[in-house]
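The structure under discussion appears below in the form of structure tokens.
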Amino acid sequence: MNGNHSPNGHREKASEMSQLLSKLYRVSFGLLTDFYEITMAFGYWKGGIAERRAAFHVVFRHNPFGGGFTVACGLATVVEFLQNFGFDADDIQWLATLRGRDGNPIFEPAFLDYLRHLRFTADVDAVPEGTVVFPHEPILRVIGPLAQCQLVESAVLNILNFQTLIATKAARVVLAARGKPVLEFGLRRAQGIDGAISATRAAYIGGCVGTSNTLAGKLLGIPVRGTHAHSWVMCFDSELEAFRAFAQTVPGNCILLVDTYQTLQGVRHAVEIARELGAAGHRLIGIRLDSGDLAYLSQEARRILDEAGLHDVLIAASGDLDEHIIASLHEQGAKIDLWGVGTRLVTAYDEPALGGVYKLTALQDAEGRWVDKVKVSEQAVKSSTPGILQVRRYIQNGEAIGDAIFDELRPPAAECVIVDPADPTRRKRLPADAQREDLLIPILRGGELVRPLPSLEEARMRLQGQLALFHPGIKRFVNPHSYPAGLELSLHQRKFRAILRQKGHAPEQNSEHSPVVSSG
């Protein structure tokens with residue numbers, strides 16, 4: 001990505017580790033948007049409202065994988081995209097070639113000139129990466145010129161939806177591993193090059209300790225790990241010869257894949273190599289199982305290794321693993337010290353998309369007053385929430401007890417009642433004496449970074465601290481507990497009145513603060 005789009009030629013950037021897009025692509029991303037966003041921006045410009053301030057929020061409607069929580073991820077990549085947002089000369093030239101069905105140019109030259117000089121100058125507030133979040137809570141807020149906010153919609157969602165999904169999957173896998181380290185092994189099965197790099201980044205924040213993806217290791221500073229493939233063993237006349245050659249190649253980093261032919265015989269061959277390494281002043285780090293009955297094979301491998309006095313040799317396992325299989329293997333008494341998880345992690349098996357949305361919630365009128373905007377749906381859960389939204393987490397005795405979504409312009413009382421957006425009959429009172437933390441924090445002001453973004457290590461640490469705040473029932477895989485996260489009561493009432501009014505069930509109020517709603 002071209003980093004010279006800043007009006008001043010320089011900006012305070014995110015930390016070096018978060019400069020992913022520029023390292024991977026080095027191209028303009030102005031056109032990374034759905035076409036209708038450009039046509040809407042054209043309409044805003046023609047209508048004279050392109051610079052009117054608007055508020056948009058990113059939310060999602062359910063936790064993925066049937067789980068009880070979600071892990072926010074992707075913010076640093078979003079910030080890099082926004083700070084370098086713009087259209088280069090080739091973008092503008094291409095847009096000028098587009099014709100409508102009448103054969104005329106779709107965009108006026110003056111609008112294209114507007115795009116040529118457009119830079120992102122809006123304000124962004126977001127939950128830090130590694131934060132545990134829940135449905136209907138805004139995880140990112142953009143406030144600024146309407147056209148700018150609209151043009152970045154699809155890219156912001158593309159980044160946040162995917163990385164949040166993978167970080168959540170990784171966190172679940174790590175929970176299933178019960179303290180044993182997890183490596184991300186998914187490069188060859190990931191959805192394209194960017195999918196692989198982004199998945200590695202998100203999996204690391206989600207708790208994985210390393211990756212097989214060498215490029216991601218270089219770009220992001222993530223530890224790289226690997227053994228050898230079955231093809232290595234097949235290139236030699238015998239398995240023992242192959243193991244010996246590999247041990248001679250990397251005597252200080254030797255893990256042997258033992259299931260090319262007959263797994264337990266492979267373990268016995270690994271014992272021989274371990275003795276040879278020991279005699280040369282080295283040690284065998286571990287063996288890897290990649291197929292078969294992992295519970296039985298790991299138990300037998302452990303017995304063989306222990307009988308040989310190799311108690312410190314690790315047993316790693318891989319092969320289409322996920323949180324459910326790992327949990328089952330633990331229940332079966334598997335003796336596995338290290339998990340390599342690939343396909344089902346980086347492809348977010350079995351939920352391919354988070355489904356986050358980016359909704360307009362408020363727009364300033366000609367006098368600069370904020371006017372509520374509400375999208376009304378036949379499905380109540382899909383109706384958007386108006387206002388300049390914030391999320392406040394309440395903590396009591398070291399445990400998170402509830403999250404309140406509220407309008408920053410009308411903050412809640414000390415004792416707050418929240419209402420479940422999906423079921424208004426479910427309500428909870430949050431005590432005034434509880435500790436409180438507002439989750440959305442300032443990230444950009446006028447397009448400029450106002451605080452250093454956390455490193456990947458800090459995001460990983462934040463997630464671990466966050467998970468410790470929640471009841472174990474929220475983290476279980478089967479029928480998890482539903483954490484109370486809801487609309488502050490007055491905001492719920494305001495939204496409800498706006499929906500009724502839009503559907504013709506309530507009279508309009510003659511108040512300058514009355515919500516203005518739109519359907520669609």
Side-chain angles (χ1 to χ4, degrees), residues 11-15 17-18 53-60 69-83 120-144 149 152 156-157 159-160 163-164 167-168 201-202 205 356 358-359 361-362 370 385 387-395 400 402-412 416 430 434-470 483 485 487-488 491:
R11 284 185 173 187
E12 183 183 353
K13 298 292 185 181
S15 67
M17 283 302 177
S18 65
R53 287 177 67 78
F56 286 80
H57 293 79
V58 175
V59 301
F60 60 96
F69 69 92
T70 301
V71 178
C73 190
L75 176 61
T77 312
V78 167
V79 169
E80 185 187 355
F81 167 79
L82 295 176
Q83 287 201 290
F120 187 80
T121 60
D123 300 340
V124 173
D125 295 73
V127 299
E129 292 190 274
T131 301
V132 171
V133 291
F134 299 93
H136 310 290
E137 296 181 344
I139 61 174
L140 182 136
R141 182 178 76 202
V142 182
I143 298 178
C149 295
V152 303
V156 167
L157 287 175
I159 295 165
L160 291 180
Q163 292 198 34
T164 295
T168 306
R201 181 185 189 278
I205 289 176
Y358 181 92
K359 294 299 182 185
T361 61
W370 284 109
T385 301
I388 310 297
L389 303 180
Q390 175 62 275
V391 183
R392 181 166 292 170
R393 179 156 294 161
Y394 290 73
I395 301 169
D403 291 0
I405 305 164
F406 66 95
D407 187 337
E408 280 195 346
L409 302 181
R410 305 169 191 181
C416 176
L430 300 173
Q435 293 178 297
R436 285 165 279 182
E437 177 190 5
D438 288 352
L439 299 187
L440 290 167
I441 62 174
I443 304 296
L444 299 178
R445 287 294 179 266
E448 303 288 344
L449 196 66
V450 295
R451 68 176 67 211
L453 292 176
S455 67
L456 288 180
E457 295 296 337
E458 289 168 333
R460 281 164 54 80
M461 291 176 60
R462 177 173 177 81
L463 174 57
Q464 298 313 305
Q466 287 274 296
L467 288 172
L469 285 174
F470 294 93
Y483 178 76
L487 301 182
E488 182 266 331
L491 179 60

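Minimum heavy-atom separation, L439 to P128: O-CD, 3.5 Å. The shortest heavy-atom contact between V59 and H136 is CG1-O, 3.9 Å. Taking all atoms of both residues into account, the shortest heavy-atom contact from I205 to L463 is O-CD2, 3.4 Å. Nearest heavy atom pair, residue E488 against residue P412, reads CG-CB, 3.6 Å. Scanning all heavy atoms of the two residues, the minimum distance from P138 to H57 falls at CB-CD2, 3.7 Å.
For the pair T164 (side chain) and A72 (backbone), a donor-acceptor distance under 3.5 Å is absent. For D123 (side chain) and G446 (main-chain N/O), a donor-acceptor pair under 3.5 Å exists by modelled atom type. The backbone N or O of A400 lies less than 3.5 Å from no partner atom in the side chain of R393, so there is not a single donor-acceptor pair. The backbone N or O of S455 sits less than 3.5 Å from a side-chain atom of E458, completing a donor-acceptor pair.
In terms of the ring-ring contact (aromatic ring centres under 6.0 Å, His included) criterion, residue partners of F470 (sequence neighbours excluded) are, by chain and number, F134, Y483. Judged as a side-chain contact (heavy atoms from CB on, under 4.5 Å), and not counting sequence neighbours, the contacts of A202 are C73, Q163, I166, A167. Applying the ring-ring contact (aromatic ring centres under 6.0 Å, His included) test to F56 and every residue at least two apart in sequence or in another chain returns Y358.
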Please walk me through it: do E408 and D438 pass side chain to side chain contact (heavy atoms under 4.5 Å, CB included)? CA-CA 10 Å; E408 280 195 346; D438 288 352; 5.7 Å; no

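Salt-bridge formation is detected for the pair E457/R460: a Lys NZ or Arg NE/NH1/NH2 atom is positioned less than 4.0 Å from an Asp or Glu carboxylate oxygen.
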